[in-house]
Undergrad: 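This is the structure I want to talk about, given as structure tokens.
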Amino acid sequence: DTGTLTEVARYTTAECPVHLAFAGSRLFYGAGCGQWNGTIGSVDAATGTGLQTLSTASLYSAPLLDGAGDTLVAGVGGISSGPVYTYTVTGATVTALAQKNIDGYLARVSVSPDGRRVATASGSPYYLAQYDAATMAVAGSFETGPYPADVAYSNGGTWIGKTLRR
């Protein structure tokens with residue numbers, strides 16, 4: 001309960017869950033304790049039942065997640081290829097849309113509020129990139145200076161914000 005900060009439910013997950021995101025009617029988590037054992041799991045957000053693990057390629061680490069509407073994005077940091085995956089979520093069904101290696105040690109992923117765009121921040125090159133969520137085709141880039149560390153869309157989806165590592 002966010003009003004009282006009282007725990008109202010507890011869900012069983014894979015080991016070392018670290019990132020959360022809502023997409024469709026599901027709560028997703030990225031998990032993984034070491035190299036090459038990252039995974040994505042989910043539960044029904046309303047009931048906490050229906051535990052699922054997504055079938056994914058071998059993930060180097062616990063994936064970074066974000067979701068909006070029926071779109072889920074997962075990105076893998078800590079590895080130079082920086083793979084990013086997009087999915088659509090309909091009920092309990094999660095369908096892969098696209099995948100792209102963005103290179104440059106991914107630091108963060110974000111989905112626009114309408115679920116149509118994905119933004120990334122990575123150690124290099126020194127810009128934020130924006131992609132079409134359905135295809136991962138490049139939809140723009142924004143120069144930042146060295147080491148962008150975070151990215152997020154505004155509530156209206158018209159602005160992208162960032163932070164830099166110092």
Undergrad: Spell out, as yes or no, whether a donor-acceptor pair under 3.5 Å connects the side chain of Tyr87 to the backbone of Ala74.
TA: no

Undergrad: Could you report the tightest heavy-atom contact between Gly115 and Thr71, atom names first, then the distance?
TA: O-OG1, 2.9 Å

Undergrad: Any salt bridge (charged side-chain N to carboxylate O under 4.0 Å, His left out) involving residues 103-112? Give me the pairs, sequence neighbours left out, ordered by first then second residue.
TA: Arg108-Asp150

Undergrad: If I take atom CD from residue Glu15 and atom OG1 from residue Thr39, how far apart are they, to the nearest 0.5 angstrom?
TA: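 Answer rounded to 0.5 Å: 11.0 Å.
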
Undergrad: Looking only at non-hydrogen atoms, find the nearest pair between Gly82 and Ile102 and report the distance.
TA: O-CG1, 3.0 Å

Undergrad: Do Arg117 and Tyr131 make a side-chain contact, defined as non-hydrogen atoms from C-beta onward lying under 4.5 Å apart?
TA: no

Undergrad: What's the separation between atom CG in Asp66 and atom OH in Tyr153, rounded to the nearest 0.5 Å?
TA: 9.5 Å

Undergrad: Would you name the heavy atoms of Leu72 and Ala23 that are closest together and state the gap between them?
TA: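 Heavy-atom minimum between the residues: CB-CB, 4.0 Å.
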
Undergrad: Taking all atoms of both residues into account, what is the closest heavy-atom pair of Val111 and Ala68, and its distance?
TA: CG1-CB, 3.8 Å

Undergrad: Kindly state each residue pair satisfying disulfide bond (SG atoms under 2.5 Å apart) with at least one member in residues 6-117, sequence neighbours excluded.
TA: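 Qualifying pairs: Cys16-Cys33.
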
Undergrad: Which distance, rounded to the nearest 0.5 Å, do you find between the CG of Asn155 and the OG of Ser112?
TA: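 Reported to 0.5 Å precision, the distance equals 12.0 Å.
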
Undergrad: Heavy atoms, side chains only, cut-off 4.5 Å: are Ser122 and Tyr105 in contact?
TA: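 No, side chains not in contact.
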
Undergrad: Can Val151 and Thr120 be said to form a side chain to side chain contact (heavy atoms under 4.5 Å, CB included), step by step?
TA: CA-CA 6 Å; Val151 63; Thr120 61; 5.5 Å; no

Undergrad: Decide if atom CG of Asp1 counts as having more than 12 heavy atoms of other residues, nucleotides or ligands within a radius under 6.0 Å.
TA: yes

Undergrad: Which pair of non-hydrogen atoms, one from Ser110 and one from Ala152, has the smallest distance, and what is that distance?
TA: OG-CA, 3.5 Å

Undergrad: For a side chain to side chain contact (heavy atoms under 4.5 Å, CB included) check, start with the C-alpha distance between Tyr11 and Leu27, then their side-chain angles and the critical distance, and finish with the verdict.
TA: CA-CA 10 Å; Tyr11 308 118; Leu27 171 62; 4.2 Å; yes

Undergrad: Among all residues two or more places apart in sequence or in another chain, which pass the side-chain hydrogen bond (donor to acceptor under 3.5 Å, both in side chains) test with Thr47?
TA: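 Listed in chain order: Asp44, Thr49.
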
Undergrad: Please tell me whether Tyr29 and Leu106 are part of a single hydrophobic cluster in this structure, the criterion being side-chain heavy atoms less than 4.5 Å apart.
TA: no

Undergrad: Is the distance between the ring centroids of Phe22 and Phe28 under 6.0 Å?
TA: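 Aromatic pair excluded; centres sit 6.0 Å or further apart.
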
Undergrad: Can you give me the closest heavy-atom contact between Ala107 and Pro148, atom names plus distance?
TA: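 Here Ala107 and Pro148 meet closest at CB-O, 4.0 Å.
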
Undergrad: Using only atom types and a distance under 3.5 Å, with no angle test, would you say the side chain of Thr88 pairs donor to acceptor with the backbone of Thr95?
TA: no

Undergrad: What distance do Thr93 atom OG1 and Asp70 atom CG have between them, rounded to the nearest 0.5 Å?
TA: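 Atom-to-atom, Thr93:OG1 and Asp70:CG are 11.5 Å apart.
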
Undergrad: Taking the side chain as every heavy atom from C-beta outward, state whether Trp36 and Tyr60 have any atom pair closer than 4.5 Å.
TA: yes

Undergrad: Under the 3.5 angstrom rule, does the side chain of Thr86 hit a backbone N or O of Ala133 as a donor-acceptor pair?
TA: yes

